[in-house]
Amino acid sequence: MNNLGYCCINLTLQKKNKITTNRTMRQATFLDRGISYCSELALLNCKDLYKILEWNSQNNVNLFRISSNLFPWNSEYALEDLPDFLEISNILKSCGHLATQSKQRLIFHPDHFVKLASESDKTKKNSIHDLEVHSKIFDLMGFVPSFHNPINIHVGCKLTKDSIQRFLNSVELLSENVMKRLVIENDDKAAMFSVKDLYENIHKQTGIPITFDYHHHKFHDSSLTEEAAFHLANSTWVTHKPVFHYSSSRLIETPGVNPRAHADYIHENISTYNSDIDIELEAKAKELALLQYWRNKQHV
DNA sequence: CCAGGTCAAGGGAGT
DNA sequence: ACTCCCTTGACCTGG
């Protein structure tokens, strides 16, 4: 059973009821209004997360990436310090229950500022903090730490002996809970980490599972076919079903643009090579792309 | 009230 | 050394 999911935003609910989990503020506002305003927005974000999970449940969606913007400016405080923390944690607990009841697999993908292989200590520290916050949110949802709820990141730096070592050193500093959730994804640039690079230099040493991104693979394949890379990544998920990423190139919809850009919809049939995996659709039309993909499948 | 310019963060790539 | 780009919505200001 290959479950399909979408990322962070539900356009239907956003349009109809202004439901969003991405409320934030600029630096000037943060300096002006501080943590109490963060708390207000985080509370609203978490309440809306529950509504999205309800929609997912009603629409048989059982894979969903939670936005990393639930808690604005969370590098600057501990979640427990928010004035509304008690209410927020109750809501997150409900979100966790709902997800479990309706068999939704929830996952995270922190943004590209997480650079565990950075040369800068500050950047490394911030990256570790960010990962710990993501893990903490899963904890608050009541999830037992495991790759059922992965936290997916890129190495996101050039592949060198030093960057590999820095990545491995940073991994040593992560909490047990983060390590039970952390997975790594192939980059889409030739100088960075392909599936094979991740396997040879990070997975072998740490056991960290590899997320296969079909689209990124097209830009950095290390001479592996899609199928070979797929199977190699698949083999690293020993205890849990893999979560892979799929997107179509925007070129199909908009001639002349950067081919790395994502399309609104999915334009191909996704090959799963007879394997049992979950797939996140990284399509700009979000849940609409998922619904359309399902509809198209039925007609085949 | 709305359109359009702007926005914390890292690092690769091109010049 | 410097700029642009990613990727993206949401903020926020000026009209």
Side-chain angles (χ1 to χ4, degrees), chain A residues 6-15 17-35 37-38 40-42 44-45 48-49 52 65-77 108-134 152-160 162-164 166-167 170 184-194 197 213 215-216 218-220 245-251 253-254 256-264 280-289:
Chain A
Y6 66 102
C7 305
C8 305
I9 292 169
N10 184 301
L11 294 175
T12 307
L13 295 176
Q14 185 177 57
K15 196 170 167 203
N17 305 323
K18 289 209 155 57
I19 289 170
T20 172
T21 61
N22 294 312
R23 294 174 186 84
T24 182
M25 71 196 83
R26 293 189 183 174
Q27 187 176 45
T29 308
F30 176 64
L31 294 175
D32 188 33
R33 305 186 58 178
I35 182 175
Y37 189 46
C38 294
E40 257 179 67
L41 295 186
L44 292 171
N45 284 340
D48 279 358
L49 173 63
I52 294 176
R65 179 195 298 177
I66 306 174
S67 162
S68 289
N69 302 322
L70 283 180
F71 293 88
W73 289 89
N74 67 57
S75 54
E76 307 304 312
Y77 54 84
F108 268 133
H109 188 349
D111 68 30
H112 65 278
F113 297 109
V114 172
K115 306 273 189 200
L116 290 179
S118 173
E119 289 186 62
S120 143
D121 282 345
K122 183 159 177 261
T123 302
K124 263 192 299 196
K125 230 170 107 184
N126 291 343
S127 300
I128 290 169
H129 179 81
D130 202 3
L131 290 174
E132 296 293 341
V133 171
H134 281 83
N152 177 71
I153 60 168
H154 290 264
V155 176
C157 294
K158 280 205 238 186
L159 192 166
T160 65
D162 288 348
S163 70
I164 292 164
R166 284 194 299 269
F167 188 92
S170 293
I184 45 175
E185 173 180 351
N186 52 315
D187 291 309
D188 65 356
K189 288 199 173 125
M192 299 164 81
F193 286 71
S194 67
D197 297 330
D213 185 306
H215 188 53
H216 294 166
K218 295 187 166 76
F219 302 96
H220 185 23
H245 295 173
Y246 194 94
S247 51
S248 294
S249 171
R250 173 125 216 116
L251 262 188
E253 296 169 353
T254 320
V257 299
N258 183 342
R260 287 182 174 82
H262 292 172
D264 288 339
E280 265 203 295
L281 303 182
E282 292 182 321
K284 290 177 70 177
K286 305 294 177 187
E287 87 286 358
L288 302 177

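In what follows, every chain begins at residue 1, and chains take the letters A, B, ... in the order their sequences are listed. Note that the structure is predicted; figures quoted are calculated from it, not measured.
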When you check the side-chain N and O atoms of [X] and [Y], is any donor under 3.5 Å from an acceptor?
X: A:Glu185; Y: A:His245; answer: yes
X: A:Ser194; Y: A:Asp197; answer: yes
X: A:Ser68; Y: A:His134; answer: yes
X: A:Asn69; Y: A:Asn22; answer: yes
X: A:His154; Y: A:Asp187; answer: yes

Inset, instruction - Work out which heavy atom in A:Cys7 is nearest to a heavy atom in A:Arg65; give both atom names and the distance. - result: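 Residues A:Cys7 and A:Arg65, closest heavy atoms: SG-CZ, 3.5 Å.
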Inset, instruction - Please give the nucleotide sitting opposite C:dC5 as a Watson-Crick or G-U wobble pair, both distances under 3.5 Å, or none. - result: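 Paired with C:dC5, as far as the under-3.5 Å criterion goes, is B:dG11.
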Could you tell me how far apart [X] ([atom1]) and [N] ([atom2]) are, to the nearest whole angstrom?
X: A:Phe30; N: C:dA10; atom1: CZ; atom2: C1'; value: 17 Å
X: A:Leu159; N: B:dG11; atom1: CG; atom2: P; value: 15 Å
X: A:His129; N: B:dA9; atom1: NE2; atom2: P; value: 16 Å
X: A:His154; N: B:dG10; atom1: NE2; atom2: P; value: 17 Å
X: A:Asp188; N: B:dG11; atom1: CG; atom2: P; value: 16 Å
X: A:His262; N: C:dT8; atom1: NE2; atom2: P; value: 6 Å
X: A:Trp73; N: C:dA10; atom1: CH2; atom2: C1'; value: 14 Å
X: A:Glu185; N: C:dC6; atom1: CD; atom2: C1'; value: 14 Å

Quote, to the nearest angstrom, the [atom1] distance that separates [N] from [M].
N: B:dC7; M: C:dT3; atom1: P; result: 15 Å
N: B:dA8; M: C:dG14; atom1: C1'; result: 24 Å
N: B:dG5; M: C:dT7; atom1: P; result: 22 Å

Inset, instruction - Using the six-membered ring for Trp and the full ring for Phe, Tyr or His, decide whether A:Phe113 stacks on the six-membered base ring of B:dA8 (centres under 5.5 Å, planes under 30°). - result: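 Whether judged by distance or by angle, A:Phe113 falls short somewhere, so it does not stack on the base of B:dA8.
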For the side chain of [X], counting heavy atoms from C-beta on, which of [options] is nearest?
X: A:Cys157; options: C:dG9, B:dG5, B:dG12; result: B:dG12
X: A:Ser118; options: B:dG10, C:dT7, B:dT6; result: B:dG10
X: A:Lys158; options: C:dC6, B:dG12, B:dA9; result: B:dG12
X: A:Asn22; options: C:dG9, B:dG5, B:dA13; result: C:dG9
X: A:Lys115; options: C:dA10, B:dG10, B:dG12; result: B:dG10
X: A:Arg260; options: B:dG11, C:dA10, C:dT7; result: C:dT7
X: A:Lys189; options: B:dG12, C:dT8, C:dA10; result: B:dG12
X: A:Lys284; options: B:dA8, C:dT8, B:dA13; result: C:dT8
X: A:Arg23; options: B:dA8, C:dC11, B:dG10; result: C:dC11

Inset, instruction - Name the nucleic acid region contacted by A:Glu282, choosing base, sugar-phosphate or nothing; use a 4.0 angstrom heavy-atom cut-off, strictly under. - result: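 A:Glu282: no heavy atom of the nucleic acid under 4.0 Å.
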Look at [X] and [N] and indicate whether a side-chain polar atom (N or O) is within less than 4.0 Å of OP1 or OP2.
X: A:Asn126; N: B:dA9; answer: no
X: A:Thr20; N: C:dG9; answer: no
X: A:Thr123; N: B:dG10; answer: yes
X: A:Gln27; N: B:dA9; answer: no

Legend entry - 5' precedence on DNA chain C between A:Gln14 and A:His112 (nearest-nucleotide basis):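 Closer to the 5' end of DNA chain C: A:His112.
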Inset, instruction - Look at atom CD of A:Glu119 and say whether more than 12 heavy atoms of other residues, nucleotides or ligands are closer to it than 6.0 Å. - result: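 12 or below, so no.
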